[in-house]
Structures are given as structure tokens and as C-alpha cells.
> 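Provided herewith is a single structure, encoded as C-alpha cells, for subsequent inquiry.
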Amino acid sequence: MSTAELSTIRNIGIAAHIDAGKTTVTERILYYAGKTYKMGEVHDGTAVMDYDPEEQQRGITIHAAATTLPWRGCTINLIDTPGHVDFTIEVERSLRVLDGCVVVFCGVGGVEAQSETVWRQADRYGVPRLAFINKLDRVGSDWERVLHEIRDHLHEGAVTVQLPIGSGADFEGIVDLLRMKAVYYRNDLGTKIDLADIPEDLLPMAELLREELIEKAANFDDHLMQRYLDEHSVGVDELTAAIRAGCVRSELIPVLCGSALRNKGIQLVLDAVCDYLPDPLDVGPVTGHAPQKRGGELEEVEIQPDPDGPFVGLVFKIATDAHGDLHWVRVYRGRLKAGSRVLNMTRDKKENVQRIWRMHADDRIREDSVSAGDIVALVGLRNSVTGDTLSDTRHPVTLEKLRVPKTVIAMAIEPRTSEDRQRLGEVLGVLMREDPTFEFRVDPETGQTLIAGMGELHLEVLIHRMLRDFRLNVRVGRPRVSYRETIREAVDAEGRFIRQTGGRGHYGVVAIRVQPRPSGDLGADPIDFRSDIKGGAIPEPYLPSIERGIRDAAAAGIITGYPLVDVSVTVTDGKYHDVDSSEIAFEAAAAMALEQAVEKAGVRLLEPIMRLQVTAPNEYFGDVSADLMSRRAEIQDTELRGTTRVITAVVPLAAMFGYATAVRSLTQGRATYSMEPSHYAVVPDEVAKTLLR
């Protein structure tokens with residue numbers, strides 16, 4: 001592949017709040033690009049990208065699915081991501097390797113809870129975006145309101161490049177503000193398209209919006225700015241180039257509109273992907289770390305998207321099926337051939353790439369080689385996991401790893417037979433390798449196996465997989481909340497680990513100061529560790545062992561058995577012995593010091609708080625809000641959208657088990673809700689007393 005060919009690649013994702021219609025958008029994209037010959041429907045369980053039986057049964061996307069398709073001379077590598085917050089890791093790891101994203105919004109629901117979550121995830125990785133306002137054929141859709149919500153809540157740089165013609169049952173077409181033409185879809189499949197003059201009643205608004213579009217786009221193109229100031233007419237190509245420049249810098253968000261279900265506007269989305277979203281050359285180099293030629297330290301390096309450079313790729317997803325593990329990889333530099341050998345720099349192990357597959361949902365197309373910009377699946381890797389970097393064996397390099405959210409819910413699991421017991425650990429290990437947000441451990445006190453994840457649905461889906469895919473019969477207990485503990489006040493403490501056994505002993509003394517740290521952030525490092533050692537009281541080589549001892553003790557829990565978080569630990573002093581001091585001694589002394597400090601400081605329990613959004617008919621507002629208040633919820637906002645009330649609240653996860661049944665009962669099945677982790681907060685004393693009995 002040449003540099004010129006790199007400019008034709010678009011690596012994009014489709015992301016949205018649940019039920020905004022992103023999988024329907026993806027199905028239409030596949031159809032119009034010629035990848036499928038029949039449109040799949042989510043509600044019928046026939047969507048190509050929702051190929052998993054669990055997805056078809058539930059009518060939701062659970063696993064990110066990839067495909068490659070052609071459009072207007074470009075090669076589009078597309079990943080359809082889930083909208084449910086329980087599967088947020090699929091969005092996180094997809095956005096980590098993508099160059100652009102189409103964020104879909106419901107024309108009725110607008111900016112919803114998970115819309116904001118995926119937007120923040122895209123911000124974290126600096127991914128340029130398009131916004132597509134979908135479902136404008138539905139009663140109650142309001143394009144203008146959704147546009148203002150995007151500007152107010154997500155990005156003030158959202159600019160309209162399209163204007164809908166009609167809404168609800170009267171939605172019949174789209175005004176293209178660049179070409180100043182009306183686009184009408186003359187058949188049900190959306191394949192017969194007519195360009196016509198803009199309806200007279202919409203012409204003044206279209207002219208005003210185009211003027212606003214030119215004004216904003218001119219900030220990214222000096223030539224266009226001069227033409228605008230000189231009041232010259234602006235051509236489609238130069239306006240497109242300016243919008244692209246702003247979009248690539250994530251300072252402009254082109255806003256499109258349509259109805260995927262009614263097959264209107266999808267071809268224009270594909271055009272916008274090619275016109276506005278960046279190729280790998282636009283994105284430019286990514287930052288990596290490589291060993292210095294002299295010494296073992298790592299130095300920062302830039303990985304250019306060069307097809308002829310040494311190979312670098314990132315493993316961002318693992319999928320297990322009957323044929324073995326598939327490692328999904330984004331290639332950032334160089335070429336990779338089937339049968340070649342690569343280095344996993346993260347684990348310092350060499351791997352054999354037996355086969356390379358280009359994915360189309362669950363179908364595979366064999367490739368002999370791939371190069372920079374490609375997203376493919378590899379077979380044959382044995383030691384690589386999500387977030388590992390693969391590189392040329394002679395040019396080792398590591399890339400930034402993934403951010404993995406912390407689990408918030410756990411439940412006990414028990415095998416039904418002795419045969420199942422023997423296989424349980426193996427199956428749980430496979431699931432954990434696939435999904436970094438899934439964890440399991442054995443409770444040392446009860447001997448129970450506990451599994452933890454991002455929510456009830458997340459764990460329910462994984463349990464169904466154990467039964468369906470692995471033929472593993474298990475019993476499960478009631479979900480448990482993953483509480484945390486933190487300290488009440490700052491204290492000093494000392495840990496002494498001194499043992500004499502006749503020969504060489506163990507000697508380590510560690511003095512620390514612990515302080516509470518305001519955070520509550522679900523993704524924050526639980527322990528802020530630093531050293532304030534002066535005068536060489538403890539040699540520097542022992543500091544990693546001290547940190548390890550503190551972190552291990554904190555993870556195990558000190559008083560309540562729940563992990564210790566939001567604590568700053570500073571090593572202030574200590575003692576060592578020239579002969580008897582060892583890493584083991586200082587690790588043990590540090591753990592003892594932390595235990596003493598926490599006992600002296602006292603603990604507070606922290607509980608996960610969820611951000612909840614309930615959408616219900618207005619007549620049920622009183623019942624729904626009263627029920628939320630009984631669950632210790634704090635209602636932050638209520639908004640009336642026509643006859644529907646949207647309630648935004650924060651509520652403890654512990655109070656939300658079984659809420660789906662309760663809210664349906666209160667509203668005769670007419671309410672919907674979404675919930676996502678927000679932060680940790682202190683458990684009220686009266687609740688904490690019941691938990692600590």
C-alpha cells in the first residue's frame with residue numbers, strides 16, 4: 001500500500017445511546033455499499049452485525065462487530081458498537097483504535113445518558129466525529145431541539161450541513177446545504193434519489209444556515225475566509241475542504257439528519273464519512289515508547305503511519321470461538337504477512353501470526369498481508385491480551401494501553417456438578433481474556449467464586465454464554481455491590497518486619513503518612529503513592545517493593561474486606577540493614593504500616609453511584625419520582641418533551657436491583673430507562689451499619 005492509498009482509508013465507528021438506531025444505520029450502510037443484498041432488521045433478529053444469538057434474542061448490540069466496505073473510491077473499515085452501558089468496554093476499545101466516529105442521536109430522545117458517555121470516550125482519544133440525527137420519521141421528533149442539545153451538552157462546534165424536509169409522517173427528504181439542493185427518496189429502498197430545488201418555505205432557513213456554516217468553516221481555511229469577507233460565492237469543493245479541516249481537528253462537528261428505518265439519508269452519511277472524517281495520514285503519528293539503544297529505559301517515539309516502516313500494531317479485542325482465539329489488531333505502521341513472527345513488547349514474548357482475516361461480522365476473508373491503516377483479526381497468538389502492542393522483532397515499541405472501567409457489581413457463582421467445577425476456572429479465564437471488564441476471584445473466607453462486571457445485564461449475558469457456548473451449568477446468587485473503603489483522616493504509621501532465622505534474616509522498617517484524597521472517580525488510581533525519603537534512609541531499589549506491598553494490601557481491603565481507594569500514601573522514613581534487608585521484608589513492612597494506618601484513621605464505606613435517566617409519560621411523573629426518592633435517589637433534572645417526562649438522577653446501585661420490573665409496573669410498561677456508573681460516594685451511616693454487621 002502506498003501513501004496515496006492510505007489517504008483513501010477511513011477507520012470509523014458507529015456509536016450511540018441504546019435504541020438510537022445505530023445498528024439499523026450500519027445495516028443500511030452495508031446495503032448501499034453493496035456488502036449485503038438484503039437489509040437486516042434488528043427487531044426481526046436478522047441484522048448482519050448482530051450475529052450473536054444473545055443479540056438476536058434481545059434485540060440489542062452486545063459485541064462490537066467489524067466490516068470493510070467500499071464507497072466513492074474509499075475503503076471504510078467500520079465497527080458497530082453497543083449502546084448499552086454494561087458493554088461500554090466495546091466502545092472504549094473500538095474508539096482507542098479508530099480515526100473517526102459517527103454518533104447517532106434519536107430525533108425524539110435527543111442527547112441521552114449514553115450519548116454523553118460515548119462522546120466523552122471519543123474526547124478521551126481525540127476522535128473526530130459526525131453527528132447523525134436519526135428517526136426523524138417518528139412522531140414527536142424535533143431536529144432543531146436535538147441540534148441545540150448537541151451544542152449545549154456536547155460540542156458548541158456542531159454545524160448543520162443538512163436540513164430535514166418535514167418531520168414525523170411528513171418527513172420526505174433532506175436539504176443539502178453545501179449544494180443547496182433538496183434530496184428526495186422516491187422509493188421505499190431509498191435507492192431512487194432525485195435532486196430538486198429547495199421548497200420555498202424552507203429556502204430562507206436554508207440560506208441562513210448555509211451562511212452560518214460558511215462563517216464557521218472559514219475559521220479553518222484562510223482562502224475561504226478571504227472569499228467570505230470579500231462576499232464572493234463559495235463553491236462546494238472549497239467549503240467541503242474547510243469543513244473537513246475543522247472536523248479533523250475535532251473543532252467542527254458536521255450534523256446530518258435522516259431516517260435509517262425509512263432508508264433516507266444514509267448515502268449522504270457515507271459521503272460525509274469520505275468528505276469530512278480523517279484518513280490515517282490526517283491523524284498523523286501516534287505516541288509510543290521504545291527501548292533506548294544504551295540502557296534499558298524507554299524513550300518516547302512517534303509512530304508515523306508509514307506502510308514501509310517497521311511493523312507496529314495494537315491488540316484491542318479478543319474473541320473466542322470454536323476455531324480458537326481471534327485477536328483484533330489495528331495496524332499503525334508497516335506491513336504484516338501471514339506466517340511471520342512478531343514481538344509482544346508488553347509481555348516480552350514472541351508470537352507467530354499463522355493467519356490473517358478481514359472480518360465481515362462473523363464471516364472471515366483470508367488475507368496474505370496487511371499494512372498501515374488496516375483493522376484485521378489474527379490467528380495464532382498465544383500470550384497477547386487486550387491492550388498489548390505487537391511490533392517488528394528488531395524494532396520493539398509499545399503503545400498507550402486501554403483505559404478499562406472498574407467493575408461495579410458482583411455475584412456468587414457455583415458449579416452444579418463436579419465436572420463443571422473442574423471446568424469453571426478455565427471458562428472464567430477465557431471470558432476474562434475476552435472482556436477486561438469481567439473479573440472473578442475466590443473469596444478466601446467463604447470459598448465462594450465471585451464474578452464481577454459492569455451491571456446485571458452484563459453478568460446475565462456472560463452466564464448465558466457459559467451455558468450456551470461452553471455447556472457449563474452453574475447456579476448464581478443475588479448480585480452484590482462492589483463497595484470500597486477509604487480513610488477518615490490523615491495519620492502516620494510505621495511497619496516493622498524483622499525476622500532472624502539463624503542465617504540471613506529479613507529486615508525492613510517503613511514509616512508512612514496516609515491522607516484521604518477527594519476523588520470518587522470510578523477510573524482513578526485507587527492509591528496515590530509517592531516517596532519523601534531523605535538521606536538514603538531506604539535505598540531507592542526497595543521503593544517498588546514498598547509500593548507493591550501497599551497496593552496489594554489496599555486491593556485486599558484492610559478493615560471491611562473491600563478494596564481501599566482514594567488514599568494518598570507517602571513514604572516518609574524507614575530503616576534498612578546492609579545484609580538482612582530484602583524486597584520481601586520491605587513489601588511486608590509496607591503492608592503492615594498501611595494496616596496500622598487505616599486502623600488508626602478509621603474507615604468510611606463508599607458505594608457506586610449511578611447516573612439514571614428515566615423516560616416516562618408525564619402522567620406517571622409523580623409515581624416514578626416518589627419511587628426514586630425511596631431508593632435514595634437525588635433528582636438532578638426533569639424535562640418535559642411533549643407528553644413525555646425525562647428524569648435525570650443519581651442513585652446508589654445497591655438500591656436499583658430489580659428496577660426494570662418496578663418501573664414497568666408503575667407505568668404500565670410505558671417507561672424506559674438507562675443507567676451508567678457515575679462515581680463513588682460515602683455510604684450513609686445508617687446504611688453502613690447494616691452492611692458491617
Side-chain angles (χ1 to χ4, degrees), residues 11 63-66 77 79 89-98 125 286-291 298 301 303 305 309-359 362 364 366-405 425-440 462 465 469:
N11 291 316
H63 308 288
N77 295 315
I79 298 180
I89 185 61
E90 296 287 337
V91 185
E92 185 84 21
R93 57 185 170 190
S94 297
L95 289 174
R96 168 65 181 83
V97 299
L98 292 172
Y125 297 112
V286 297
T287 301
H289 290 85
L298 297 178
V301 294
I303 311 297
F311 167 74
V312 178
L314 182 75
V315 178
F316 68 97
K317 177 179 168 71
I318 299 175
T320 303
D321 63 13
H323 304 289
D325 286 349
L326 282 176
H327 289 73
W328 291 25
V329 172
R330 161 71 194 264
V331 182
Y332 283 97
R333 186 179 68 188
R335 291 181 170 82
L336 179 65
K337 294 182 179 180
S340 59
R341 192 169 175 83
V342 296
L343 173 67
N344 181 334
M345 177 68 178
T346 313
R347 309 201 174 274
D348 194 25
K349 291 184 179 293
K350 292 184 178 179
E351 298 272 35
N352 293 316
V353 179
Q354 296 174 358
R355 289 185 296 281
I356 303 174
W357 300 103
R358 196 174 294 278
M359 303 301 294
D362 60 339
R364 309 176 187 182
R366 192 159 183 170
E367 297 280 358
D368 293 328
S369 67
V370 290
S371 63
D374 282 328
I375 294 176
V376 292
L378 309 183
V379 175
L381 308 186
R382 293 185 177 275
N383 301 298
S384 301
V385 299
T386 299
D388 285 358
T389 302
L390 305 177
S391 62
D392 186 290
T393 54
R394 293 165 297 179
H395 299 85
V397 68
T398 57
L399 300 173
E400 177 193 355
K401 298 192 76 170
L402 284 167
R403 175 186 180 274
V404 179
E426 177 188 342
V427 171
L428 293 178
V430 169
L431 294 176
M432 194 165 73
R433 192 166 69 249
E434 282 188 24
D435 184 350
T437 58
F438 172 72
E439 298 175 355
F440 76 93
L462 289 173
R465 276 204 65 196
D469 296 347

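Computation of the quantities below employed the complete heavy-atom set of this structure, encompassing side-chain atoms and omitting hydrogens, waters and symmetry-equivalent molecules.
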> Quick check: closest heavy atoms across Ile89 and Pro436, and the distance to 0.1 Å?
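In this case the closest contact between Ile89 and Pro436 is CG1-CD, 4.0 Å.
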> Short question: side chain of Asn352, backbone of Leu381 - any donor-acceptor pair under 3.5 Å?
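Checking the backbone N and O of Leu381 against the side chain of Asn352, no donor-acceptor pair under 3.5 Å is found.
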> Taking His327 for its side chain and Ser384 for its backbone only, find out whether a donor-acceptor pair lies under 3.5 Å.
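Yes.
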> Give a yes or no on whether a salt bridge exists between Lys317 and Glu92, defined as a side-chain N under 4.0 angstrom from a carboxylate O.
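A salt bridge is absent here (no side-chain N lies under 4.0 Å from a carboxylate O).
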> List the steps and the verdict of side chain to side chain contact (heavy atoms under 4.5 Å, CB included) for Thr320 and Arg433.
CA-CA 9 Å; Thr320 303; Arg433 192 166 69 249; 4.2 Å; yes
> Determine, for Asp368 against Lys337, whether the closest basic-nitrogen to carboxylate-oxygen distance falls under 4.0 angstrom.
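No, Asp368 and Lys337 are not salt-bridged.
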> Could you walk me through whether His395 and Leu343 pass side chain to side chain contact (heavy atoms under 4.5 Å, CB included), step by step?
CA-CA 9 Å; His395 299 85; Leu343 173 67; over 6 Å; no
> Do Asn77 and Arg358 pass the side chain to side chain contact (heavy atoms under 4.5 Å, CB included) test, and can you show the C-alpha distance, the side-chain angles, and the key distance before you say yes or no?
CA-CA 10 Å; Asn77 295 315; Arg358 196 174 294 278; 4.0 Å; yes
> Locate the shortest heavy-atom distance separating Ala64 from Ile79; write the atom from each residue and the value.
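The pair with the smallest heavy-atom distance is CB-CG2, 3.8 Å.
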> Got a second to check how far Leu399's CG is from Asp388's CG, nearest 0.5 Å?
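Separation between the atoms: 10.5 Å.
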> Check whether any side-chain heavy atom of Val329 lies under 4.5 Å from a side-chain heavy atom of Phe316, and answer yes or no.
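Side chain of Val329 against side chain of Phe316, heavy atoms only: no contact under 4.5 Å found.
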> Do Arg96 side-chain atoms and Glu400 backbone N/O form a donor-acceptor pair below 3.5 Å?
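At least one qualifying donor-acceptor pair exists.
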> Quick one: are Phe440 and Leu462 in side-chain contact, heavy atoms under 4.5 Å?
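No - every pair of side-chain heavy atoms lies 4.5 Å or more apart.
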> Can you name the residues that form a side chain to side chain contact (heavy atoms under 4.5 Å, CB included) with Asn383, not counting sequence neighbours?
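Partners of Asn383 under the side chain to side chain contact (heavy atoms under 4.5 Å, CB included) test: Lys349, Glu351.
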> Any side-chain heavy atom of Arg335 within less than 4.5 Å of one from Phe311?
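In short, these two side chains do not touch, never coming nearer than 4.5 Å.
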> Assess the residue pair Val315 and Trp328 against the criterion (side chain to side chain contact (heavy atoms under 4.5 Å, CB included)); give the C-alpha distance rounded to whole Å, side-chain angles, the decisive distance to 0.1 Å, and a yes or no.
CA-CA 6 Å; Val315 178; Trp328 291 25; over 6 Å; no
> With the side chain counted from C-beta on, respond yes when Thr346 and Lys401 share a heavy-atom pair under 4.5 Å apart, and no when they do not.
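Contact flag for Thr346/Lys401 side chains = yes.
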> What I'd like to find out is whether the side chain of Ile375 reaches to under 4.5 Å of the side chain of Leu98, using heavy atoms alone.
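The answer is yes; the side chains approach within 4.5 Å.
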> Would you say that Leu378 contacts Leu390 through its side chain, given a criterion of any heavy-atom pair below 4.5 Å between the two side chains?
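Yes; the side chains approach each other to less than 4.5 Å.
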> I'd like to check the side chain to side chain contact (heavy atoms under 4.5 Å, CB included) partners of Arg394; sequence neighbours left out, ordered by chain and number.
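Here the qualifying residues are Asp392.
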> Please enumerate all residues that pass side chain to side chain donor-acceptor pair (under 3.5 Å) together with Arg333, with sequence neighbours excluded.
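Partners of Arg333 by the side chain to side chain donor-acceptor pair (under 3.5 Å) criterion come out as none, since no residue qualifies.
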> If I compare all heavy atoms of Leu402 with all of Arg93, which pair ends up nearest, and what's the gap?
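In this case the closest contact between Leu402 and Arg93 is CD2-CA, 3.5 Å.
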> Could you tell me whether the side chain of Val301 reaches within less than 4.5 Å of the side chain of His289, counting heavy atoms only?
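Answer no - side chains too far apart.
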> Counting only N and O atoms by type, is there a donor-acceptor contact under 3.5 Å from the side chain of Thr398 to the main-chain atoms of Thr389?
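Checked: no pair found.
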> About how many Å separate CZ of Arg403 and CG of Leu95, when rounded to the nearest 0.5 Å?
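Here the rounded value is 12.0 Å.
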> Can you give me the closest heavy-atom contact between Ala377 and Leu326, atom names plus distance?
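Minimum heavy-atom contact is CB-CD2, 4.0 Å.
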> How close do Gly373 and Asn11 get, counting heavy atoms only, and between which atoms?
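For Gly373 and Asn11, the tightest heavy-atom pair comes out as O-ND2, 2.9 Å.
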> Under a 4.5 Å cut-off applied to non-hydrogen side-chain atoms, are Ile356 and Arg366 in contact?
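Of all side-chain heavy-atom pairs linking Arg366 with Ile356, none is under 4.5 Å.
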> Please check if the side chain of Ser94 supplies one atom and the backbone of Glu90 the other of a donor-acceptor pair under 3.5 Å.
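Answer holds: yes.
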> Less than 4.0 angstrom from a charged side-chain N to a carboxylate O is my criterion; do Glu367 and Arg355 meet it?
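Between Arg355 and Glu367 there is no salt bridge, as every charged N stays at least 4.0 Å from the carboxylate O atoms.
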> Look at the side chain of Asp374 and the backbone N and O of Val376, then say whether any donor-acceptor pair between them is shorter than 3.5 Å.
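Absent.
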> Take atom CZ of Arg341 as the centre, draw a 6.0 Å sphere, and report whether it contains more than 12 heavy atoms from other residues, nucleotides or ligands.
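Correct, the count exceeds 12.
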> Work out which heavy atom in Met345 is nearest to a heavy atom in Pro291; give both atom names and the distance.
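Between these two residues, the closest heavy atoms are CE-CG, 3.4 Å.
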